[in-house]
Number of protein chains: 4
Amino acid sequence: MAGSVNKVILVGNLGKDPEVRMTQGGAKIVSFTLATSDTWNDRASGERRERTEWHRVVIFNDRLADVAERFLRKGRQVYLEGSLQTRKWTDQGGQERFTTEVIIDRFRGELTLLDSRPDGEAGGQYGAPAERRQAAPAYSGNAGPDDEIPF
Amino acid sequence: MAGSVNKVILVGNLGKDPEVRMTQGGAKIVSFTLATSDTWNDRASGERRERTEWHRVVIFNDRLADVAERFLRKGRQVYLEGSLQTRKWTDQGGQERFTTEVIIDRFRGELTLLDSRPDGEAGGQYGAPAERRQAAPAYSGNAGPDDEIPF
Amino acid sequence: MAGSVNKVILVGNLGKDPEVRMTQGGAKIVSFTLATSDTWNDRASGERRERTEWHRVVIFNDRLADVAERFLRKGRQVYLEGSLQTRKWTDQGGQERFTTEVIIDRFRGELTLLDSRPDGEAGGQYGAPAERRQAAPAYSGNAGPDDEIPF
Amino acid sequence: MAGSVNKVILVGNLGKDPEVRMTQGGAKIVSFTLATSDTWNDRASGERRERTEWHRVVIFNDRLADVAERFLRKGRQVYLEGSLQTRKWTDQGGQERFTTEVIIDRFRGELTLLDSRPDGEAGGQYGAPAERRQAAPAYSGNAGPDDEIPF
DNA sequence: TTTT
DNA sequence: TTTT
């Protein structure tokens, strides 16, 4: 392959609080769904139409998994970069299924919180835990190692 | 929605010649699969690993559908931008299935051919039709209207 | 040229209200500066460092120039895509100078407002004019033509 | 800053072989100019117009600086991601000048070679050194640390 | 000049 | 399931 690029850029809002799970090896994996929305005027009717797209995001990168666990909550707006990956799995009936996810792993991906909320007004609006209320609410980072992350 | 972004950027190679179909309304739809590839050294074994990801791309934009039909062929390397869309369909057994595609439509998307081949050396390498051999082999365009496309 | 890509993606805040000017031909041109910021821990001292980068953005696209004029104000957070262009000019001393700008023109570019403010709480925070207070505060659009813009 | 993004994506060709220099601290810095090109039909005359844009790229990331030094040559086509940075300097007359560059540093950036050339046909076309002729000609990497780079 |  |  003469060089390839597989990149997704999303700005959207979390549909729910993220799910956190640990691998047997002790690595943290955080996943959530992110909504993006398009609105347009229908050509025929002139009516305003809207379509919401739901994206499944999975973070394998240890550091960004930590950040996601601490700062991401239902409703929060986020900018992220990841790559597309389609995973095969078998359903209860033994049928092959495919699920496409946006992956942030140790190689690639970024996560930036966009709608920082000052302490006072956060008001549990996003179910923010203690950490978020105390920490700087805006975070930005890429998939690099600890000492190379600008925050 | 306080502003959202849904963007995919891919550089890869077509797995097959594109498929062209027409809607009842006479619009052209072109679809193809695009391969991207990652290679890395496994942390444990140190072995070189490779993973190819296949992306399903669908072009609803009339102009870019034309370009894709004329210039894209199996193996050809392309840069493209589109947006993610997951479509629900029902399989033969009546089961709901989901397929995620990269959409280039009248609103958004770009297509740029990267591996232009001068006439002499094309040699049918990509099954290029007459048009491609005669036309300028590198094309770039976005999803805008006819007179706004830079080519 | 075998296909090329020239794309800038920025999320930042306007340093001032945008400037609007008209060409002799009656086209509207809107320009502003956008701040992006990086923070990181210095490797040697461990101190937290910050650097703000200022980007000069110029919108030649009629539709997005209108949107920018109506909705963008000092402090507002925006996502945008454009392309890089370096312009030569001559200073008062007759010396050649170069300025690099992020261009949104009739061919390419996008503009999405990220920090929509409901009427009630906008509070003149961004000097929002009457239009903004009345209109839907979140806007998203690309450089396409009128009837192809999703808003 | 409530989260910001400063990203440039370019696909273009090197204008010259890259320049390599070392800092006093022993870090390698590689810089080059990259051409991107737009062609369009003029609205008034209908004539085909072309404009080439030159981008100044500077790589501070050790690993990618190595890759650039070894594999990049005049004419080579590359995909890269970096961030915009405007640097102030003083010319011989004591006047302040500004230069905008695309930076790939230890925090952010990617570099992917697009026009891989098999050994046989490279033919010194890009002044490829011994390494390039022997090594896998397609390379892709991001700004992460050694053991996290997929190649 | 923004923002946190 | 988000958001406006």
Side-chain angles (χ1 to χ4, degrees), chain A residues 10-19 31-40 48-57 71-78 80 112-122 125-127 132 134-140 150-151, chain B residues 1-6 86, chain C residues 10-19 31-40 48-57 71-78 80 112-122 125-127 132 134-140 150-151, chain D residues 1-6 86:
Chain A
L10 299 176
V11 174
N13 298 81
L14 273 81
K16 293 185 181 175
D17 284 359
E19 290 173 25
S31 55
F32 55 88
T33 51
L34 195 77
T36 58
S37 172
D38 276 311
T39 53
W40 69 96
R48 195 182 175 107
R49 303 283 310 272
E50 174 160 8
R51 178 189 165 93
T52 294
E53 192 68 34
W54 287 97
H55 310 273
R56 184 167 169 73
V57 179
F71 298 121
L72 295 187
R73 289 297 176 273
K74 176 178 176 175
R76 180 102 208 217
Q77 188 185 36
V78 71
L80 65 82
T112 300
L113 278 61
L114 291 178
D115 57 349
S116 70
R117 305 281 160 169
D119 298 359
E121 79 174 21
Q125 192 163 5
Y126 297 129
R132 215 197 103 229
Q134 286 154 14
Y139 167 82
S140 171
F151 85 102
Chain B
M1 180 74 71
S4 72
V5 174
N6 173 1
T86 297
Chain C
L10 299 175
V11 174
N13 300 80
L14 273 80
K16 292 185 181 176
D17 285 359
E19 289 174 27
S31 55
F32 54 89
T33 51
L34 195 77
T36 59
S37 172
D38 277 310
T39 53
W40 69 98
R48 195 183 175 108
R49 304 284 309 273
E50 174 161 7
R51 180 189 162 93
T52 294
E53 192 69 33
W54 288 98
H55 310 273
R56 184 167 169 76
V57 180
F71 297 121
L72 295 187
R73 289 296 175 275
K74 177 179 177 174
R76 180 103 208 218
Q77 189 186 35
V78 70
L80 64 83
T112 300
L113 277 61
L114 291 177
D115 58 349
S116 70
R117 306 279 160 170
D119 296 2
E121 78 174 20
Q125 193 162 7
Y126 297 129
R132 217 199 99 226
Q134 288 155 12
Y139 166 82
S140 172
F151 85 102
Chain D
M1 178 77 69
S4 71
V5 174
N6 174 0
T86 297

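A note on names: the letters A, B, ... follow the listed sequences, proteins ahead of strands, and every chain is numbered from 1. Bear in mind that the values here come from a model prediction, so they are computed numbers and not experimental data.
- Per the geometry, NE2 belonging to C:His55 stands 17 Å off P belonging to E:dT1, to the nearest Å.
- Between the CG atom of C:Leu10 and the P atom of E:dT1 there is a distance of 21 Å, given to the nearest Å.
- A donor-acceptor pair is defined here as one N or O able to donate and one able to accept, closer than 3.5 Å; no such pair exists between the side chain of C:Asp115 and the backbone of C:Arg76.
- Counting to the nearest Å, the P atom of E:dT2 and the CD atom of C:Glu53 are 16 Å from each other.
- For C:Thr52, the listed nucleotide lying nearest its side chain is E:dT2; candidates were F:dT1, F:dT3, E:dT2.
- A:Gln77 contributes no side-chain N or O that, together with a main-chain N or O of A:Val11, makes up a donor-acceptor pair within less than 3.5 Å.
- Taking atom CG of A:Asp115 as the reference point, atom C1' of E:dT3 lies 14 Å away to the nearest angstrom.
- For A:Arg49, there are no side chain to side chain donor-acceptor pair (under 3.5 Å) partners at least two apart in sequence or on another chain.
- C:Asp17 places its CG atom 11 Å from the C1' atom of E:dT1, with the value rounded to the nearest Å.
- The stacking criteria are not both satisfied for A:Trp54 over the base of F:dT2, which would need a centre-to-centre distance under 5.5 angstrom and an angle between ring planes under 30 degrees.
- Put simply, CZ on A:Arg51 is 18 Å from C1' on F:dT4, counting in whole angstrom units.
- A donor and an acceptor atom sit less than 3.5 Å apart, one in the side chain of C:Thr33 and one in the base of E:dT1.
- With sequence neighbours excluded, the residues forming a side-chain contact (heavy atoms from CB on, under 4.5 Å) with C:Thr33 are C:Trp54, listed by chain and number.
- The interatomic distance linking C:Leu14 (CG) with E:dT2 (C1') rounds to 8 Å, in whole Å.
- Atom pair A:Phe32:CZ and F:dT2:P shows a separation of 16 Å (rounding to whole Å applied).
- Among the nucleotides F:dT1, F:dT4, E:dT1, the one closest to the side chain of A:Glu50 is F:dT4.
- Of the listed nucleotides (F:dT1, E:dT2, F:dT2), F:dT1 has the atom at the smallest distance from the side chain of A:Lys16.
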